[in-house]
Structure formats: C-alpha cells, structure tokens
Amino acid sequence: MKNAFLHGTLLETVYCAQPVGFEDFARPDHVCRLNRSLYGLKQAPRAWYSRFASHLLQLGFVEAKTDTSLFVYHRGDDMVYLLLYVDDIVLTASSTPLLRCTIDALQRELSMKDLGELHHFLGMHVQRSGDGLLLSQRQFMLEILERAGMTDCKPCSTPVDTNPKLSAAEGAPLVNGTDFRSLTGALQYLTFTRLDIVYAVQQVCLHMHDPREPHLAALKRILRYIRGTLHLGLLLRPSTQSDLLVYSDADWAGCPDTRKSTSGYAVFLGDNLVSWSSKRQNAVSRSSVEAEYRAVANAVAEVSWLRQLLVELHVPLRRTALVYCDNISTVYMSSNPIQHQRTKHVIDLHFVRERVATSDVRVLHVPTSSQYADIFTKGLPSSVFTEFRSSLNVQAPDDQTAGEC
C-alpha cells in the first residue's frame with residue numbers, strides 16, 4: 001500500500017500549524033483543520049485501518065473476530081483470505097481469476113502495488129521448497145550477529161546448556177545493559193521462524209531489567225548457535241490431515257529465584273507446526289502435577305482460539321483436538337470430576353474439564369522420549385535437541401524429513 005496513513009479519514013477534530021512553505025501571510029494566526037490523517041498523528045493508524053476495513057466490507061469481506069487483521073471472503077466455492085499489517089498485505093484466493101479480480105477491486109479504490117508471489121513479509125523470507133514453503137530470517141540473523149560483533153564466532157550445537165536455570169542475582173552486573181536488551185529484543189523477533197531458540201530467549205528475557213555476566217554469556221551462546229544454523233527455517237507443507245495435535249510440558253519449580261515453573265506447548269495442524277510457546281507460569285505450583293496441569297490449560301486455551309479461527313476460515317475441525325502430556329496424573333485429572341484436596345485451588349482444573357466434557361479436546365499420555373514440548377521448557381542434550389528440532393519442522397531447504405511424530 002502506497003502512503004497508507006494518508007488514506008485515512010479523520011473522525012476527530014484535529015488542527016495543525018500552517019506547514020513551512022505553505023503559510024498564508026494574510027492570515028498568519030490561522031491553523032489548518034485536517035480532513036485526512038498524516039504520518040505522526042496518533043489517530044493515523046486507526047483512521048487508515050477504518051478506511052481499509054470499510055472498503056473490504058463493501059466488497060463482501062468479513063472481519064475475523066479472532067484476529068482483526070484477517071478478512072475473509074466466502075461465496076459458494078469462492079474463498080479469499082486477506083491479512084493486513086499496517087501497509088503490508090498478504091492475499092490468497094481459491095482461484096487465480098478471483099485473486100486477480102480482488103486485486104483490481106482494491107487498486108480501483110486505493111493506491112497499491114502488486115508485488116507478485118509472496119517472497120518477503122515483515123522481514124521473513126518465504127522460499128518455495130518442493131511443494132512447501134520455508135520461512136526463514138537469514139538476513140536478520142546476519143544483522144544480529146554483526147551488531148553483536150560475532151559474525152565469525154565459533155558455532156555451538158544447542159542454544160542453551162543442560163545446567164539448572166540462571167539466577168537473577170548470580171554474577172556481576174553489566175556496566176551497560178543497553179546492548180544486552182537490544183539484542184534480546186531482536187532475538188524475540190527471530191523466534192517467529194526459529195522456534196528452536198524460544199526457550200533460550202525466554203530465559204534471557206527474564207533478566208532484561210538487571211542483566212549480569214552469566215546472562216550475557218547465555219545470550220552469546222544463543223548467538224553462537226545461530227551462527228551455525230543460519231540455513232534453518234520453519235517448513236510448511238500441504239497436509240492430508242487437518243486435525244489439531246498438541247504437545248504440552250512443564251518444568252516444575254525450575255526458576256531458582258521464584259520457584260515458578262516454565263510452561264511450553266507445540267500445536268500441529270496436520271503435519272505443520274502452527275503455534276508454540278515457552279513462558280514462566282504466574283503462580284508457584286505445589287506439585288509437578290499442578291505445574292503440568294497449568295501447562296495443559298495454556299495449551300487448551302490456544303486450541304480453543306485456533307478452533308474458532310478455523311471456523312472463521314471456513315475449515316472447521318471435524319475431530320477432537322488431542323493434547324499430549326507426559327504426566328499420567330494430569331491426564332486423569334482432566335476427566336475426573338472428583339475435587340481433590342490438593343487441587344481445589346487450581347481454577348484451570350474447571351477450564352480444561354469443561355473443554356474435555358464438550359469434546360473440544362482430549363488429554364492423552366505420551367512418553368517423555370516423544371514429548372516434543374520439552375524443547376520449550378528445559379535444556380536438552382545435543383542429540384535429543386536435534387531430533388526434536390527436526391520433528392518440529394525446523395529444517396534446511398533441502399531436508400526431506402518432516403514434521404509430525
């Protein structure tokens with residue numbers, strides 16, 4: 001979209017001083033009332049979105065409730081998906097003529113440029129690999145390494161070691177934590193395609209407020225790992241299956257300072273990984289079962305959102321989503337209606353049981369050797385880490401092995 005914010009129509013009354021070079025010397029004390037938004041106005045993003053969304057609604061699109069940046073057109077067998085991020089648009093349709101017709105309708109109303117097949121979006125490179133797509137951020141990784149002065153560093157096989165988690169008070173404070181925070185923020189954006197560093201990045205993010213020497217060492221280890229895996233990306237391929245399969249795990253009381261646990265999950269849609277998370281829990285768990293159950297609740301919440309999103313995409317799930325957990329007691333608790341003394345304070349208990357009762361999800365047991373969410377909760381040995389990474393579809397363009405377990 002060309003000059004996106006200039007297309008927005010203002011609903012509020014906004015005045016600005018006469019711009020330099022366009023002053024009215026006969027009325028020097030007058031100001032300009034704006035009818036359209038300008039870059040720099042707080043109202044500009046909302047005004048532009050309202051203008052664009054109203055035009056799409058006139059064309060027959062429907063705004064998705066699960067994601068307001070997604071618009072869906074559905075008429076019979078015709079289907080169009082449009083994803084908007086500020087002035088960048090990703091558009092796909094069920095047929096080439098329908099896609100061309102949609103683009104023409106948008107260009108008649110707004111000034112935009114058709115860049116052809118998707119190859120870059122928000123800094124992510126989209127590469128066609130066989131019949132699938134490989135999402136990568138190689139150029140961004142090189143820029144991070146250059147900023148850190150580690151372009152020629154020695155690579156390592158994993159982004160985090162298997163030692164216990166770092167303490168917030170361990171080691172000497174950094175003299176200047178600005179570079180640490182800047183690099184950590186950049187790595188957060190990299191996790192959009194490199195889910196194999198999610199846990200390691202989550203751990204260093206916990207110490208951004210007061211970074212110390214061991215935290216910097218952990219950050220540099222992530223950069224060394226990236227240096228050796230610049231070729232990797234997230235592979236997406238056509239799948240004959242359309243079921244949701246989830247792996248959920250928790251590391252009980254892993255934080256040495258707060259004794260809070262770390263939750264992680266990986267969500268597959270068919271053979272493709274579509275959602276993942278590594279996050280410290282908000283409350284201290286009294287047992288490993290409680291920690292695992294809170295992790296399952298987070299995974300079930302994500303499943304509930306994805307189910308609704310698929311309904312709005314007109315491809316609803318036909319079968320129950322399966323959530324795999326490696327704690328047998330957690331599996332029993334998800335379907336047992338009996339209130340136990342040690343679990344009566346866990347509110348997530350009722351949330352998960354409700355979804356199980358309505359057949360939206362089913363919680364099953366999986367052996368630890370096949371618990372792929374382990375990669376989001378703890379440091380793993382190199383061999384296990386590499387196996388799980390491949391199973392989660394983080395691969396090179398020429399890899400032929402895939403995805404689901």
Side-chain angles (χ1 to χ4, degrees), residues 1-9 45 47-137 139 192-193 233-242 244 269-275 305-318 393 397 402-403:
M1 178 62 60
K2 300 178 182 179
N3 302 319
F5 286 177
L6 301 183
H7 292 283
T9 302
W48 152 242
Y49 176 82
S50 299
R51 168 74 186 283
F52 188 74
S54 62
H55 179 60
L56 289 179
L57 295 178
Q58 292 175 3
L59 295 178
F61 282 83
V62 176
E63 181 183 26
K65 294 181 175 60
T66 50
D67 187 346
T68 55
S69 61
L70 174 66
F71 296 85
V72 179
Y73 176 89
H74 181 231
R75 294 291 186 278
D77 295 332
D78 293 336
M79 186 77 70
V80 182
Y81 299 142
L82 186 149
L83 192 64
L84 172 70
Y85 184 85
V86 190
D87 57 351
D88 292 323
I89 300 172
V90 176
L91 186 65
T92 186
S94 54
S95 66
T96 303
L98 179 59
L99 180 63
R100 187 70 258 169
C101 179
T102 304
I103 294 175
D104 293 340
L106 292 173
Q107 289 178 331
R108 283 194 296 268
E109 176 70 15
L110 300 166
S111 177
M112 59 175 55
K113 183 178 181 180
D114 181 8
L115 299 179
E117 288 190 349
L118 182 64
H119 49 85
H120 281 90
F121 186 67
L122 303 182
M124 288 177 279
H125 177 58
V126 182
Q127 177 183 351
R128 278 159 179 78
S129 177
D131 59 347
L133 299 175
L134 184 75
L135 309 182
S136 64
Q137 295 169 276
Q139 186 59 40
F192 286 162
T193 59
L234 179 62
L235 185 64
L236 302 175
R237 291 190 291 193
S239 175
T240 56
Q241 301 180 2
S242 59
L244 282 180
L269 178 60
D271 297 331
N272 296 301
L273 188 68
V274 296
S275 182
W305 179 79
L306 286 170
R307 290 186 71 96
Q308 181 59 35
L309 176 62
L310 291 171
V311 169
E312 296 191 280
L313 292 174
H314 298 278
V315 283
L317 291 178
R318 303 299 181 187
N393 288 349

**Message:** Please report the interatomic distance NE2(H7) to CE(M1), rounded to the nearest 0.5 Å.
**Reply:** 6.0 Å
**Prompt:** Do the non-hydrogen side-chain atoms of V126 and L135 ever get within less than 4.5 Å of each other?
**Reply:** yes
**Message:** Nearest 0.5 Å, please: how far is CZ in R307 from OG1 in T66?
**Reply:** 13.5 Å
**Asked** Looking at G270 and S239, what are the two nearest heavy atoms and their distance?
**Response** CA-OG, 3.7 Å
**Asked** Parallel, tilted or perpendicular: which describes the rings of F71 and F52, with under 30° parallel and over 60° perpendicular?
**Response** perpendicular
**Request:** Check whether any side-chain N or O of N272 sits under 3.5 Å from a backbone N or O of R237 as a donor-acceptor pair, and report yes or no.
**Result:** yes
**Request:** Go through L70 and L309 one step at a time and tell me if the side-chain contact (heavy atoms from CB on, under 4.5 Å) criterion holds.
**Result:** CA-CA 10 Å; L70 174 66; L309 176 62; 3.7 Å; yes
**Asked** Is any side-chain heavy atom of H74 less than 4.5 Å from a side-chain heavy atom of V62?
**Response** no
**Message:** Any heavy-atom pair between the side chains of L82 and V90 that's under 4.5 Å?
**Reply:** no
**Message:** Any non-hydrogen side-chain atom of L59 less than 4.5 Å from a side-chain atom of H55?
**Reply:** yes
**Note, V86 side chain near F5 side chain (heavy atom, < 4.5 Å)** = yes
**Asked** Is it true that a side-chain atom of S111 and a backbone atom of K2 form a donor plus acceptor pair closer than 3.5 Å?
**Response** no
**Request:** Could you grab the distance from atom CG of L133 to atom CD of Q127, nearest 0.5 Å is fine?
**Result:** 10.0 Å
**Item:** Note, Y49 side chain near T68 side chain (heavy atom, < 4.5 Å)
**Value:** yes
**Prompt:** Is D67 reaching over with its side chain to a backbone N or O of L83, donor-acceptor style, under 3.5 angstrom?
**Reply:** no
**Request:** Indicate yes or no: at least one non-hydrogen side-chain atom of E312 is less than 4.5 angstrom from one of K65.
**Result:** yes
**Asked** How far apart are the closest heavy atoms of S242 and L317, and which atoms are they?
**Response** O-CD2, 3.0 Å
**Request:** Write out all pairs satisfying side chain to side chain donor-acceptor pair (under 3.5 Å) with one or both partners inside residues 75-88, taking only residues at least two apart or from two chains.
**Result:** none
Determine all donor-acceptor pairs shorter than 3.5 Å in which one atom belongs to a side chain in residues 97-109; sequence neighbours excluded.
unit_1: R100; atom_1: NE; unit_2: D104; atom_2: OD1; d: 3.4
unit_1: R100; atom_1: NH1; unit_2: D114; atom_2: OD2; d: 3.3
unit_1: R100; atom_1: NH2; unit_2: D104; atom_2: OD1; d: 3.3
unit_1: T102; atom_1: OG1; unit_2: L98; atom_2: O; d: 2.8
unit_1: E109; atom_1: OE2; unit_2: R51; atom_2: NH2; d: 3.0

**Asked** So which heavy atom on L57 is nearest to which on E63, and how close?
**Response** CD2-N, 4.2 Å
**Message:** What's the separation between atom CE in M124 and atom CG in L134, rounded to the nearest 0.5 Å?
**Reply:** 12.5 Å
**Item:** For L234 against L273, the heavy-atom pair lying closest together
**Value:** CD2-O, 4.3 Å
**Request:** Verify side-chain contact (heavy atoms from CB on, under 4.5 Å) between L110 and W48, making sure each step is shown before the conclusion.
**Result:** CA-CA 11 Å; L110 300 166; W48 152 242; 4.1 Å; yes
**Item:** Side chain proximity check, L306 to L269, heavy atoms < 4.5 angstrom
**Value:** no
**Fill in**
Closest heavy-atom pair, S136 versus G233, reported as atoms and distance to 0.1 Å, is CB-CA, 4.3 Å
**Request:** Answer yes or no: is there a donor N or O on one side and an acceptor on the other, between the side chain of S94 and the main chain of M79, under 3.5 Å?
**Result:** yes
